[in-house]
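Okay, so here's the structure we're looking at.
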Amino acid sequence: MPELPEVETVVRGLQPLLLGQRLGQVIARRPDLRWPLPPDLGQRLTGATVTGLKRRAKYGLMETDRGDTLIFHLGMSGRFHQLTGAPGTHDHVLFVTQQGTLAYNDHRRFGSMHLTPTPEVAAHPLIAPIGPEPLSDAFSGPWLQARAAGRFTSIKALLLDQHTVAGIGNIYACEALFEAGINPVRMAGAIAPKRLDRLVDVIKATLDRAIAAGGSTLRDHAQVSGDLGYFQHSFRVYGRAGEPCPGCGAPVRRRVQQGRSTFHCPACQR
DNA sequence: ATGCACTCCTGAACGC
DNA sequence: TGCGTTCAGGAGTGCA
């Protein structure tokens, strides 16, 4: 659920709270999330000063003056919040600064954290294979055409593949394909180049809007501040099965594609 | 190489 | 009212 715009929003929300701050203490309250936490997480981060907060795909990157970068993924339900009082059941990692304590909370524990020397972040096995950032020039019509060429998989599956483009999840894949008028089940390799060009433009515009809106929230996702985002109100097809299509009024259809819900308008998306 | 199903986890929503 | 079942989904893994 946190997709690229949400992670971007979280990282931006963390910046004023952490940038330049010395981590007085970093406490892992359990040994693992999706994968084991670095066993030396506390030792390596305690006493370090946060010198950078960035994003790559759906990963947050917290750089420190000790030469380590904390790579974190929010999974489905990860979020940061400022702790007041005792940590709750799902407050798994605590970052204590002079400004207070920031808790990483993740009730489903699909998130993960990794510590890597900063110069090696780009080569990290989780980061290295990821495709271009969707808002960069590297993600272009020609790039998507090359990725789609000869592929028998659906265009939606191709978009969800992080090697094609970084940071697109189920929601924005559905929304972008609706905006582009492309049926999500259409075979990627059979789509005209011009339509893929348009899809690239639409993806960029959709993500831009979402970031501008402060990221969306879906049930359990919240911004750092604890305030809920609001982009979810502008989903045009996602989660709207049976409701009228904003384009033509025909009912939005839900189908299951690779075990995931796809929302689309059978009339507008060909 | 390619594409698919499976898997982790918890809480909300739903059905009887 | 309460219990059991289903669903949500990012992405690595393993299989055909």
Side-chain angles (χ1 to χ4, degrees), chain A residues 1-11 28-37 55-61 71-79 81 87-93 103-114 116 124-131 133-134 146-177 184-191 207 210 215-222 228-229 231-232 235 237-242 254-264:
Chain A
M1 293 206 263
E3 300 186 25
L4 185 148
E6 289 75 26
V7 179
E8 180 69 27
T9 299
V10 167
V11 167
R29 302 184 66 240
R30 57 172 300 127
D32 59 341
L33 297 172
R34 177 179 183 184
W35 294 305
L37 288 161
R55 177 193 61 73
R56 168 72 173 117
K58 296 175 195 170
Y59 291 93
L61 309 173
I71 303 174
F72 60 90
H73 196 294
L74 303 174
M76 301 260 319
S77 57
R79 66 191 197 100
H81 70 277
T89 315
H90 303 301
D91 290 329
H92 302 310
V93 183
Y104 174 76
N105 180 289
D106 188 355
H107 67 83
R108 286 182 207 170
R109 301 209 306 270
F110 273 28
S112 64
M113 291 192 184
H114 319 266
T116 303
H124 190 281
L126 292 173
I127 305 280
I130 297 176
E133 286 290 319
R147 286 284 306 177
R151 297 287 293 274
F152 291 85
T153 194
S154 69
I155 184 63
K156 188 193 175 204
L158 190 71
L159 289 183
L160 289 177
D161 182 349
Q162 298 299 297
H163 304 99
T164 302
V165 57
I168 308 288
N170 202 39
I171 296 174
Y172 295 113
C174 290
E175 292 293 303
L177 287 167
V185 299
R186 181 163 293 277
M187 190 190 298
I191 301 175
L207 296 179
S216 69
T217 89
L218 210 53
R219 293 189 185 87
D220 49 5
H221 175 60
L228 295 177
F231 191 66
Q232 77 273 22
F235 293 153
V237 287
Y238 186 83
R240 296 188 181 274
R254 173 185 179 272
R255 62 185 300 162
V256 176
Q257 226 180 328
Q258 296 166 306
R260 296 201 185 131
S261 288
T262 292
F263 298 90
H264 70 115

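Hydrogens, waters and symmetry mates are skipped; everything else that's a heavy atom, side chains included, is used. Below, chain A is the first sequence line, B the second, and so on; all start at residue 1.
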**OP:** Would you indicate what A:R109 reaches in the nucleic acid, counting non-hydrogen atoms under 4.0 angstrom: base, sugar-phosphate, or nothing?
**Re:** sugar-phosphate
Subject >> Pairs where residues 155-175 of chain A contributes a residue and the test salt bridge (charged side-chain N to carboxylate O under 4.0 Å, His left out) is met, not counting sequence neighbours >> reply: A:R147-A:D161
Original post:
Can you tell me how far P of C:dA11 sits from CH2 of A:W35, to the nearest Å?
Top reply: 9 Å
**OP:** Take atom CD of A:E3 and atom P of C:dG10, then tell me their distance rounded to the nearest Å.
**Re:** 6 Å
**OP:** Using five pairs at either end of the helix from B:dT2-C:dA16 to B:dC16-C:dG2, determine the angle between the two local helix axes and round it to 10 degrees.
**Re:** 60°
Original post:
Looking only at side-chain N and O atoms, does A:S261 come under 4.0 Å of OP1 or OP2 in C:dC7?
Top reply: no
Original post:
Do A:D32 and A:R34 sit within salt-bridge range, that is, some charged N less than 4.0 Å from a carboxylate O?
Top reply: no
Original post:
What's the closest nucleotide to the A:H107 side chain, out of B:dG11, B:dC9, B:dG3?
Top reply: B:dG11
Original post:
NE2 of A:H73 versus P of B:dC8: gap in Å, rounded?
Top reply: 19 Å
Original post:
Is a side-chain donor or acceptor of A:Q257 paired with a backbone partner of A:P184 at a separation under 3.5 angstrom?
Top reply: yes
Original post:
Atom CG of A:D161 and atom P of C:dG10: how far apart are they, to the nearest Å?
Top reply: 13 Å
**OP:** Report yes if a side-chain nitrogen or oxygen of A:R34 is closer than 4.0 Å to either non-bridging phosphate oxygen (OP1 or OP2) of C:dA11; otherwise report no.
**Re:** no
Original post:
When rounded to the nearest 0.5 angstrom, what is the spacing between SG in A:C174 and CZ in A:R240?
Top reply: 12.5 Å
**OP:** Send over the distance from A:R260 CZ to B:dA5 P, rounded to a whole Å.
**Re:** 11 Å
**OP:** Tell me whether the OP1 or OP2 atom of B:dG11 has a side-chain N or O from A:H90 closer than 4.0 Å.
**Re:** yes
**OP:** Send over the distance from A:F263 CZ to C:dC7 P, rounded to a whole Å.
**Re:** 12 Å
**OP:** Among the candidates C:dG12, B:dT2, B:dC9, find the nucleotide nearest to the side-chain atoms of A:F110.
**Re:** B:dC9
**OP:** Answer with base, sugar-phosphate or nothing: what part of the nucleic acid does A:L160 contact at a heavy-atom distance below 4.0 Å?
**Re:** nothing
**OP:** Measure from the ring center of A:Y104 to the ring center of A:H92 and say whether it is less than 6.0 Å.
**Re:** no
Subject >> Nucleotide C:dG12, atom P - distance to CG of A:L33 in whole Å >> reply: 15 Å
Subject >> A:R56 backbone acceptor or donor facing A:E133 side chain under 3.5 Å >> reply: no
Original post:
Looking at C:dA8, C:dA11, B:dG3, which one has an atom nearest to any side-chain atom of A:R254?
Top reply: C:dA8
Original post:
Between B:dC9 atom P and A:R79 atom CZ, what is the distance in whole Å?
Top reply: 21 Å
Subject >> Phosphate OP1/OP2 of B:dC4: any A:T153 side-chain N/O under 4.0 Å >> reply: yes
**OP:** Check the side chains of A:R255 and A:T262 for a donor-acceptor pair under 3.5 angstrom, ignoring hydrogens and angles.
**Re:** no
